[in-house]
2 protein chains.
Amino acid sequence: MRNVSKPPHAPEASEQKGTAITEEAFLAAYDMRQFERPSVAVDIVVATVSGGALRVVVYRRKEHPARGKYALPGGFVGIDESLDAAARRLLREKARLEGVFFEQLYTFGAPGRDPRGRIIAVAYLALVPPEALSAVASAHGARVCKVLVEWPGTAGGPASIFDEDGRYLPLAFDHSSILGTAVQRLRATLDATPVAFRLLPHELTLRALQDVHEAIRGRPVNKDSFRRRMLAAGWLEATGERERDASHRPAELYRFVSRGIAWPIVD
Amino acid sequence: MRNVSKPPHAPEASEQKGTAITEEAFLAAYDMRQFERPSVAVDIVVATVSGGALRVVVYRRKEHPARGKYALPGGFVGIDESLDAAARRLLREKARLEGVFFEQLYTFGAPGRDPRGRIIAVAYLALVPPEALSAVASAHGARVCKVLVEWPGTAGGPASIFDEDGRYLPLAFDHSSILGTAVQRLRATLDATPVAFRLLPHELTLRALQDVHEAIRGRPVNKDSFRRRMLAAGWLEATGERERDASHRPAELYRFVSRGIAWPIVD
DNA sequence: AAAATAGTGTCTATGAGACACTATAGT
DNA sequence: ACTATAGTGTCTCATAGACACTATTTT
């Protein structure tokens, strides 16, 4: 039986006399529980770049459903909790991450996406520098896996994950779609906004920044023009320091500064 | 009392024995109703461009809450209905629109956004040519209002609506935020994707296309370079026909064709 | 010295902005 | 003829890509 619930915007009970009562009286008489409601969860793509590859945090599911498959960190939204607050709480609870950059990505609401029932997932994207994930690795079943994207540019589509030995790891539910959407967002905003800096430590070399761009785009970028663009964008400030323990000429260290530059860039 | 509901990913009841039972048995025993759930609605920004201005469809609310204010068309998501299906249904029910382009925009979930209780709104953006809204105008309380955006570029922020006489019309709930997000999305995707064509009839002049770009960006664009870019993009095909009833030289009519060009553009 | 990567200078191709000019409709 | 807008040709400037070259570290 399909429940195309009639919106409570105009509930039957108060429709006739509704025009005369006050807003307070209306709200007091209003019972929202008359409509069947879905559950709402937040799922988070916690992304970083290390070893020249885009990586995300996943957990091996120990319970049904999708037992043995890998899932993005996530959980249900509290009834008095905003979506952003839920994402912040879940980042803390599930990945021990605080103060990291995150933003809402897309909402996945296909009726069959979770066998437990109607669960609508608001997906988030969190960006962290690789060293911030050292604590996560020790967490209960957590793994930081390489992402494989099989479509070019911002075409979109699912993405899959692999372990260090190149073995495919199955993702639970529709999490390959969520992951694909995250990569699409990253690729689309990479040039227009300074997202790449969120994936790097505070002090960085231009080479490391280029590695991040190449890992996200999945293809090489032109070195010369990349350096010029980055230095012209006004996001970088030379520290005067140089890289250490490189087996070749050490590169200049830069700091990310957004002096007066809006986020995203305003034209 | 704050209900930060413990995620049913690992429900207490089946935690101990969960590792031994089958997925079928787990799901049969699983009761999702133990957690308090929000309502989920879809709100739609139905946008067009006419008279050199970006316009959206709003309804004057006849009932509490926010009685007398203007609201975007919207309604609750059916328990077995996907989010896209809910948007399609609401476009048909509320604005008598079928077969129009629409996409998901952002999800608004602040706990206090609707005084009736916890209602999470998945916002959608629908783009229609101006003549498609002639039937909407006659609908119950519907109005097609000019949009005012007070921030430059893709900075983001709220947007407000005005009637034909320049009078400010108050928007209900957080609909000015939703509207602002819609404009931000339009501005961000205007150059990279052929969204502008969704706001125009099938046959169009370059001038009309430029008007759409200027209305969305909120500032003039360079005519010469705009013409070159549009003709080079491969989205336009000359019909050989010319504009009628213009009080000056009639412009060439073009048709939108996306021959082999992906949506959005793949590089 | 050899290897490897960092960083600079310069040439070329492309696309945006500017502007002058021509074309074609209504009045 | 006059006005208004459509549409073309060309110049300049900014930026991306390509490539040659120099610089500085480890081994």
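A note on names: the letters A, B, ... follow the listed sequences, proteins ahead of strands, and every chain is numbered from 1. Quantities reported herein were computed from a predicted structural model and do not represent experimental measurements. Just so you know, these numbers use all the heavy atoms, side chains as well, and skip hydrogens, waters and symmetry mates.
- In terms of phosphate contacts, B/Arg227 brings a side-chain nitrogen or oxygen within less than 4.0 Å of OP1 or OP2 of D/dG7.
- The nearest whole Å value for the distance from the OH atom in A/Tyr254 to the C1' atom in C/dA6 is 10 Å.
- Residue A/His248 contributes atom NE2, which lies 12 Å from atom C1' of C/dG7 at whole-angstrom precision.
- The nearest heavy atom of DNA chain C to A/Glu252 and to A/Arg228 marks one nucleotide each, and the one closer to the 5' end goes with A/Glu252.
- Scanning atom types as modelled, no donor and acceptor separated by under 3.5 angstrom connect the side chain of B/Arg249 and the base of D/dA4.
- As rounded to whole Å, 12 Å separates atom C1' of C/dG26 from atom CD of B/Glu243.
- Under 3.5 Å, the side chain of A/Lys223 and the base of D/dG17 form no donor-acceptor pair of N or O atoms.
- A close approach under 4.0 Å does occur between a side-chain nitrogen or oxygen of B/Ser225 and OP1 or OP2 of C/dG17.
- For B/Leu253 and B/Ser247, each mapped to the nucleotide of DNA chain D holding its nearest heavy atom, the one lying further toward the 5' end belongs to B/Ser247.
- Note: CZ (A/Arg219) to C1' (D/dG17) measures 13 Å, nearest angstrom.
- Distance CD (A/Glu241) to P (D/dT25): 13 Å, rounded to an integer number of Å.
- At least one side-chain nitrogen or oxygen of B/Arg229 sits closer than 4.0 Å to the OP1 or OP2 atom of C/dA16.
- A/Trp151 carries A/Arg187 over the face of its six-membered ring, with the cationic atom under 6.0 Å from the centre and within 45° of the normal.
- Per the geometry, CG belonging to A/Asp224 stands 12 Å off C1' belonging to C/dC11, to the nearest Å.
- We find the CZ-CZ distance between A/Phe256 and A/Arg198 to be 6.0 Å, quoted to the nearest 0.5 Å.
- With a 4.5 Å cut-off on side-chain heavy atoms, A/Leu127 and A/Thr48 do not count as touching.
- Of the two residues contacting DNA chain D, namely B/Leu206 and A/Arg242, the nearest-nucleotide position lying further toward the 5' end is that of B/Leu206.
- Residue contacts shown for A/Ala246 are limited to sugar-phosphate atoms, with no base heavy atom under 4.0 Å away.
- For B/Leu231 and D/dA6, the CG to P distance is 13 Å, given to the nearest whole Å.
- A/Arg143 and A/Tyr70 share a side-chain donor-acceptor pair at under 3.5 Å.
- Rounded to whole Å, atom P of C/dA13 lies 16 Å from atom CG of A/Asn222.
- Residues A/Leu171 and A/Ser176 form a side-chain contact, since some pair of their non-hydrogen atoms from C-beta on lies under 4.5 Å apart.
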